[in-house]
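Order of listing sets the numbers, starting from 1, for every ligand and every atom in it. Keep in mind that the numbers below use all heavy atoms, side chains included, and drop hydrogens, waters and symmetry copies. Quick caveat: nothing in here was measured; it's all calculated off a predicted structure.
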Amino acid sequence: MSKKINLFAILVLALMVMFTVSCEGPAGEDGAAGAAGANGTDGVDGVDGNVSCLTCHTQDNMDSVNGLFALSGHSAGNYVGYAGGRGSCARCHSSEGFMDYLAGYGGENIAYPSAWSCGTCHGNHGSLEEGISAPLQTSAAVTMIEDGTVVDFGSASNLCANCHQSRRGYAYYEAIDSVWTDDVNGNDSLDFVVPDGSVYINSSHAGPHHGPQTNTLKGMSGYGASSEGTHTSVGCVSCHMGDATATEGGHSFVPNLENCTVACHSTVTDIAAYLTEKQDAVSVRLTAIADALVTAGALAEEDGEYHPHVGVVTEDEFKAFWNYMVVYEDHSHGVHNPGYFNTLLTGAEFNLGLD
Ligand code: HEC
Ligand code: HEC
Ligand code: HEC
Ligand code: HEC
Ligand code: HEC
């Protein structure tokens, strides 16, 4: 009996020891992870949302562009009524004429021509992918009317070059060797022969009509050779449309002189005075040349304004006349290409015996 009790006691004891002392062993180590699957193809990047569109399309920015544009000659279109509908003038003098020209037509008369608006220069975005820029009707290289040279600023300035170029070179005038008029019967009758060594100025509008800025920037159109000026690489847009104030730069097309000092002329302290000084020096030379051309019969003076005068002049006088007209019609008073203008003015002074 006591043996049974003892065995029972030992069993109870053993169970108690087992339940109090024993515990779970540590967990085994994790097995090795399976190999990762291959990466999927990246999705196409989306256009950055509003941010890039709103660089331009905020109401504030568009209001500012509209305000500046309203100040510009393009917006006024002073000569649209006079020249905007006429076949040979319309490509440069009205919005419709320019559209026609870009579409490959030429010389159409336009019944209701209008001035430049946003759509004259801007089309619609070809794409809204990254790097969106203002859509332009054209920024292709331009074939010059005067002699077929192809000019390429490699920038939006090509747009301007379509219109701001001479539409007639000196070769046209050099080629006039006789002058004829219709008689009452509709037959041509010979007025006179232009003598050798002379040139006939056949119109009071003679010259590299009326905005030869692309030619002058490229050192073309006058008598006298020159390399391209430093300003050529700048193109029209950086100078005429750079950062804007309330009245200058941007779509006013009036150069904001601040941009000259920021971008290049950093050592000039008073850029307006600097510009005036340079322009005045050119104007003084132009006036002296103009007075000598009046004496030669190539220009006529009326109320302090000089106009081409119809008549026969010597070749030297014609060359001086032509160089004068190129510098004058450029309308920057020497800014666009100082080195080239100096060559043209020096040549004119020499031909008129002014130097
Ligand atoms: C660098 C400036 C610029 C940026 C950036 C820009 N745009 Fe434009 N967008 C213009 C100009 C300039 C026009 C032509 C305006 C005109 O003719 O009135 C235009 C025209 C448009 C037109 C046609 C409007 C009309 O009245 O015909 C639409 C639509 C348009 N943009 C949408 C967008 C969207 C969407 C984005 C962004 C993904 C964008 N634009 C980014 C400058 C910009
Ligand atoms: C479709 C032809 C055409 C295009 C394109 C054109 N212009 Fe003009 N621009 C003219 C004509 C014509 C005038 C004279 C406007 C008038 O008063 O009727 C003029 C006037 C100007 C003036 C005189 C100042 C003023 O506002 O009165 C400046 C400066 C000028 N343009 C710069 C430019 C620049 C820079 C570009 C390119 C961004 C350009 N133009 C594109 C034809 C054009
Ligand atoms: C190749 C482009 C082009 C053609 C073609 C053209 N013009 Fe112009 N014209 C201009 C530009 C650009 C100006 C503005 C120049 C400036 O402000 O410097 C201008 C200015 C004028 C002016 C103002 C003159 C002045 O002294 O300010 C008159 C007037 C004019 N043009 C009439 C005509 C007539 C008429 C025809 C057709 C027989 C014609 N244009 C053909 C580009 C052209
Ligand atoms: C004579 C041509 C011409 C006309 C007219 C014109 N633009 Fe522009 N515009 C340009 C050129 C050139 C640029 C600069 C493009 C570049 O540098 O790539 C430009 C740039 C712009 C830009 C982007 C830069 C900025 O200033 O925010 C906007 C927006 C714009 N134009 C809107 C307009 C609107 C709106 C109108 C009508 C009120 C208009 N433009 C009329 C030639 C023109
Ligand atoms: C280096 C800067 C610069 C470049 C590049 C430039 N211009 Fe000018 N432009 C000027 C300055 C400065 C004036 C003189 C403004 C003044 O006298 O108030 C001027 C004058 C003009 C004028 C006469 C403005 C008027 O009120 O009669 C026209 C038109 C013109 N530029 C068009 C152009 C065209 C088109 C191009 C490109 C083929 C061009 N410019 C390139 C700075 C520049």
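For a distance threshold of 2.8 Å, the protein N, O or S atoms nearer than that to atom 8 (Fe) of ligand 3, listed by chain and number, are H93 NE2, H209 NE2.
Looking at atom 3 (C) of ligand 5, its nearest protein heavy atom turns out to be C239 SG, 2.8 Å. Taking atom 11 (C) of ligand 5 as the reference point, the nearest protein heavy-atom neighbour is P255 CG, 3.7 Å.
Of the listed residues (H331, Q213, Q165, K218), the one carrying the non-hydrogen atom nearest atom 24 (C) of ligand 5 is H331. With C236, S238, C260 as candidates, the residue nearest to atom 41 (C) of ligand 5 on a non-hydrogen basis is C236. Distances from atom 17 (O) of ligand 5 to the heavy atoms of H265, H240, Q279, H231 show the closest one on Q279.
Remark: aromatic rings of H74 and F69 are distant, center separation not under 6.0 Å.
For S133, every heavy-atom contact with ligand 1 shorter than 4.0 Å involves the backbone, none the side chain.
Taking only nitrogen or oxygen atoms, main chain and side chain alike, T55 does not reach within less than 3.5 Å of ligand 1. Taking only nitrogen or oxygen atoms, main chain and side chain alike, H57 reaches within less than 3.5 Å of ligand 1.
Using a non-hydrogen distance threshold of 4.0 Å, A161 does not register as a contact of ligand 5.
Among the backbone and side-chain atoms of C56, none of the N, O or S atoms lies under 2.8 Å from atom 8 (Fe) of ligand 1.
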